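What follows is a short report on a single structure.
For the numbers below, each heavy atom of this structure counts, side chains included, while hydrogens, waters and symmetry mates do not. Everything numeric here is computed off the predicted structure, so don't read it as measured data. Just so you know, ligand 1 is whichever comes first in the structure, and atom 1 is the first atom listed for that ligand. All residue numbers in this chain count up from 1 along the given sequence.
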Amino acid sequence: MSNIKLDIKNVYGCVTRPEIMGLQEEVSANLEMLKKGSGEGNDFLGWLRLPSSITEAELTAVEKTAERLRDRSDIVIVIGIGGSYLGAKAVNDALSDSFEMLKKERKNPMMIFAGHHISEDYMQELTAMLDQYNYAIVVISKSGTTTEPAIAFRILKEHLEKKVGSEEAVSRIVAITDATKGALRKLAEQEGYETYVIPDDVGGRFSVLTPVGLVPLAVSGFNIRQLVQGGADMEKACLNNADLNTNPAALYAATRNALYRKGKKIEILVNYQVKLHYVAEWWKQLYGESEGKDGKGIFPAAVDNSSDLHSMGQYIQEGERILFETVISIKENDHTVKIPSDDKNLDGLNYLAGKKIDEVNKMAELGTALAHIDGEVPNMRIEIPRLDAYNVGQLMYFFELACGISGYMLGVNPFNQPGVEAYKKNMFALLEKPGFEKETEKIRKRL
Ligand code: PA5
């Protein structure tokens with residue numbers, strides 16, 4: 001059963017319900033194309049039935065690895081970029097206590113990321129900090145050749161070996177990569193690291209429920225079984241049902257395309273729970289890399305409210321009318337904090353006394369939605385019951401499936417990313433990488 005409720009009534013000022021429902025045939029055809037594997041990018045559809053096909057043996061193996069690393073470390077360094085980092089980061093941040101890192105007694109190794117950018121200061125500060133802690137490394141790269149994580153791994157491998165010795169380092173490093181290809185596969189085999197395989201037919205941004213997401217999350221103590229179960233239940237609810245009235249993923253894909261066709265070129269994913277910040281980053285990558293090509297695509301942006309109502313709120317209310325919003329609303333909080341009464345009432349807040357903070361948050365959400373609708377920003381609302389591993393699993397599969405349908409509706413191949421090669425080519429030419437001599441010569445002339 002889908003726990004996700006998608007409410008689209010607040011887009012009707014821009015597109016009508018009949019216009020959206022009129023896309024039923026198109027949605028059905030595109031979902032069918034995904035299921036049959038008859039569309040472009042059909043060699044990257046392994047994610048489609050991934051949640052329901054993960055076996056008990058696979059989960060047990062991941063948990064066993066996690067146990068070994070947990071025994072040896074206070075920190076797990078997760079090295080990866082793009083799809084090889086954002087899934088774990090999104091789930092970690094969504095489900096962690098906000099002040100986990102400051103807790104005196106921590107039950108689980110803390111997840112820290114590296115190789116997701118090329119900041120020299122970050123790397124120096126990271127290694128200086130790691131001098132003081134026990135740590136393990138999970139290095140993730142599907143291609144096994146991506147520069148950012150490769151640099152980070154070279155530095156951290158050396159650091160760990162110096163700190164604990166080469167033999168112990170081997171037992172603290174896990175590599176997640178292609179089954180046969182790439183420098184990381186070769187290195188892992190030669191050094192004797194435990195490895196996990198990223199299936200050939202699952203692209204980085206769809207890989208959160210492969211070892212890419214599951215291994216680091218299990219090391220940090222998250223309930224990966226619940227996460228996978230959430231994905232599997234959403235798969236069951238949505239994959240074999242194209243009906244826009246009952247399949248929220250299909251309805252989301254249809255509605256965002258209907259809005260795009262009316263000139264709404266930017267979608268803002270809005271949260272009122274800052275723990276969702278990296279779910280939005282993961283979503284941005286999923287949709288940006290899948291849809292932004294061939295001169296087409298809805299630009300994915302995100303805001304954390306109510307913070308961003310005090311910054312981006314102005315633009316959203318009154319700037320260019322090319323926006324629509326998708327709000328993720330969490331029905332129930334984990335904790336209750338009530339606003340106290342104050343005899344002096346100098347701040348004038350006694351009218352809120354006794355209310356839960358979340359009641360104020362929900363009114364901020366409702367008030368904002370109404371204001372934005374008045375400002376001609378159509379608004380969809382996704383409600384999930386609570387922020388836990390099961391519901392995050394549902395949400396992630398919901399977005400993945402909708403992305404596949406939506407990309408085909410846009411007329412692009414949602415499963416490639418040819419555009420990311422351009423910067424790499426220039427960077428390699430500028431760095432004089434062997435094999436790029438001609439490009440180096442050419443790019444020098446431009447400078
Ligand atoms: O979604 C994708 O395919 C990309 O974002 C990749 O995950 C990213 O470029 C990292 O690639 P790799 O895992 O090969 O190092």
Name the closest protein heavy atom to [atom], giving the residue it belongs to and the distance to 0.1 Å.
atom	value
atom 6 (C) of ligand 1	Gly83 N, 3.8 Å
atom 2 (C) of ligand 1	Glu289 OE1, 3.2 Å
atom 8 (C) of ligand 1	Ile81 O, 3.5 Å

Using a strict 4.0 Å cut-off to heavy atoms of [X], name the atoms of ligand 1 that fall inside it.
X	value
Ser141	12 (P), 13 (O), 14 (O), 15 (O)
Gly204	1 (O), 2 (C), 3 (O), 7 (O)
Thr146	11 (O), 12 (P), 14 (O), 15 (O)
Arg205	1 (O), 2 (C), 3 (O)
Lys142	12 (P), 13 (O), 14 (O), 15 (O)
Ser84	7 (O), 12 (P), 13 (O)
Ser143	12 (P), 14 (O), 15 (O)

| So is Arg256 actually on top of Tyr260's ring, under 6.0 Å and inside 45° of the axis? |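 Judged by the rule, Arg256 and Tyr260 form no cation-pi pair.
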If you measure every N or O of Lys424 against every N or O of ligand 1, does any of those distances drop under 3.5 Å?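 No, there is no polar N/O contact under 3.5 Å.
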Please tell me whether [X] and [Y] have a donor and an acceptor in their side chains that are separated by less than 3.5 angstrom.
X	Y	answer
Arg386	Asn391	no
Tyr272	Asn305	yes
His372	Glu325	yes
Thr246	Asn241	yes

Greater than 12 external heavy atoms within 6.0 Å of Lys262's NZ: yes
| task | Could you tell me whether Glu25 atom CD has more than 12 heavy atoms of other residues or ligands within 6.0 Å of it? | result |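 Open: at most 12 neighbouring heavy atoms sit under 6.0 Å from CD of Glu25.
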* Under a heavy-atom criterion of less than 4.0 Å, does Gln285 contact ligand 1? ->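 Right, Gln285 reaches ligand 1.
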Just wondering, do Leu227 and Asn223 contact through their side chains at under 4.5 Å, heavy atoms?
->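 Answer no - side chains too far apart.
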